[in-house]
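Structure record follows, encoded as structure tokens.
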Amino acid sequence: MPYNNQTTDELMRLDREHIWHPYAAIPNTAPVYPVVAAHGVRLQLADGRQLIDGTSSWWSAIHGYNHPVLNAAAQQQLAAMSNVMFGGLTHPSAVRLGKLLVDLTPAPLTKVFFSDSGSVAVEIAIKMALQFWQAQGQTKKQKLLTVRGGYHGDTFMAMSVCDPHDGMHQLFSGTLPQHFFADKPAPRFGEIFVDQYIDSLQSLLEQHRDEIAALILEPILQAAGGMNLYSPKYLRRVRELCDAHDVLLICDEIATGFGRTGKLFACEYADISPDIMCLGKAITGGYLSLAATLCTDRVSDGICAGGVGALMHGPTFMANALACAIACASIELLISQPWQRSVQNIEQQLRSGLEPARALPTVVDVRTLGAVGIIEMRETVNVAAIQDEFIRRGVWVRPFGKFIYAMPPFVMNGSDLEVLTRGMVEVAALL
Ligand SMILES: *Cc1c(COP(=O)(O)O)cnc(C)c1O
């Protein structure tokens, strides 16, 4: 069968028969749409329809699709080599990217471990924390502390620190390690913080500091765990409490990194820096899977001074050259332009465009920060049933749980944002 000349029907039949989609059954009971190309902020379906993409392909394609600068970087790297192993070898794209990340992230982060996906970056962060304490002879510090409402990925250790109710704890209860869960971070971004909000986290730290290696959380925006935007003061207190109780702080900036919330990294809102930081998603502008785990000298020195004297991790595709080259181009493109202004403009448009949803009886809350706009519904959204309504309105929006949200590419213009937000409000009104 000529694979390059399939009809769309045949493609869809094969997809249904053989291919897993995220969190889906085979055959898939939910609709799936074939995309044949993507340019700028638009996805082109096989039937010729164009959709304005409100998701940036899971928050990664910050410059839009098929960007000439990123394409050129990919081609240039391909002409040299697409990849080379990282054990005993190095290459310019990895070194350039590492230096860029060290320069752009908060100052005490100086060391970079490259891996291939966000979940793995989280695994490495946790491994760093565990190895750090083990190397100091503090062998009891093997647990993690986290907050409810978080999401850190789908691998096993990452799953174990996802929200214990909405995550997959039930399903794998016999296998997942048990950690400590504090209340969901509060209050909301922009509301007044009082110490009570952090009581549950503080008392867990006080009771279990001898067992806790690290606290892991998403700064400011808990994304896939429930679209919670919380107060920077909470995060500031988290940093103070970790210091006071000798617990490392891991900030998972996989969703928030590279400008999404209006700061380059969301921990800047609280003016703090973590001991370990995870980056992923937007790092290559959505082109390839790549992630990074950064740490301070204290952490790297601690790991390397004791125990086995090395960080025990090394993925086959570590620091993939093609991905690193595109990441360099994407990050340089971002910081070479007034990206804050673009994100602020998007924030304003999302805020005004989504505001009418607040009046709907089915809507609980509407909130925005940076290039993130959220409509929280009263009930869980039946995505399979409603997906086509977005398509009909010329937009690609992919709700989850109770959330109809947009995280558009930073290059989306005013009229596209208007179509996008109108589509979201109209669909919310149907529910
Ligand atoms: C998406 C995400 C992850 C997991 O990244 P993958 O690349 O899907 O493995 C981890 N943490 C946060 C905060 C995320 O948003």
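Remember, predicted model here, so these are calculated numbers, not experimental data. If you read the sequence from its start, that first residue is 1, and numbering goes on from there. Whatever order the structure lists them in is the order used to number ligands and atoms, beginning at 1.
- Aromatic rings from Tyr269 and Phe189 are positioned such that their centres are separated by under 6.0 Å.
- Here is the list of ligand 1 atoms found below 4.0 Å of a heavy atom in Asp252: 10 (C), 11 (N), 12 (C), 13 (C).
- Judged by distance alone, with hydrogens and angles left aside, the side-chain atoms of Ser352 form a donor-acceptor pair with the main-chain N or O of Gln348 at under 3.5 Å.
- Every atom of ligand 1 with a heavy atom of Glu218 under 4.0 Å away is listed here by number and element: 13 (C).
- Atom 7 (O) of ligand 1 has its closest protein heavy atom at Gly118 N, 2.9 Å.
- Within the 4.0 Å heavy-atom cutoff, Trp59 counts among the residues contacting ligand 1.
- The His152 neighbourhood of ligand 1 comprises atoms 10 (C), 11 (N), with distances under 4.0 Å to a heavy atom of that residue.
- Between Arg239 and Asp275, at least one side-chain N (NZ, or NE/NH1/NH2) sits under 4.0 Å from a carboxylate O, which counts as a salt bridge.
- If you look at Ser119 next to ligand 1, the close heavy atoms, those under 4.0 Å, come from the backbone and the side chain alike.
- Among residue pairs with one or both ends in residues 323-347, none qualify as ring pair (Phe, Tyr, Trp, His ring centres under 6.0 Å); sequence neighbours excluded.
- Between Phe400 and Phe403, the angle of the ring planes lies from 30° to 60°, which puts this pair in the tilted group.
- Residue-ligand proximity, Ser117 to ligand 1, at heavy-atom distances under 4.0 Å covers atoms 7 (O), 9 (O).
- Arg16 contributes a side-chain N or O that, together with a main-chain N or O of Asn28, makes up a donor-acceptor pair within less than 3.5 Å.
- Residue, atom and distance of the protein heavy atom nearest to atom 15 (O) of ligand 1 are Lys281 NZ, 2.6 Å.
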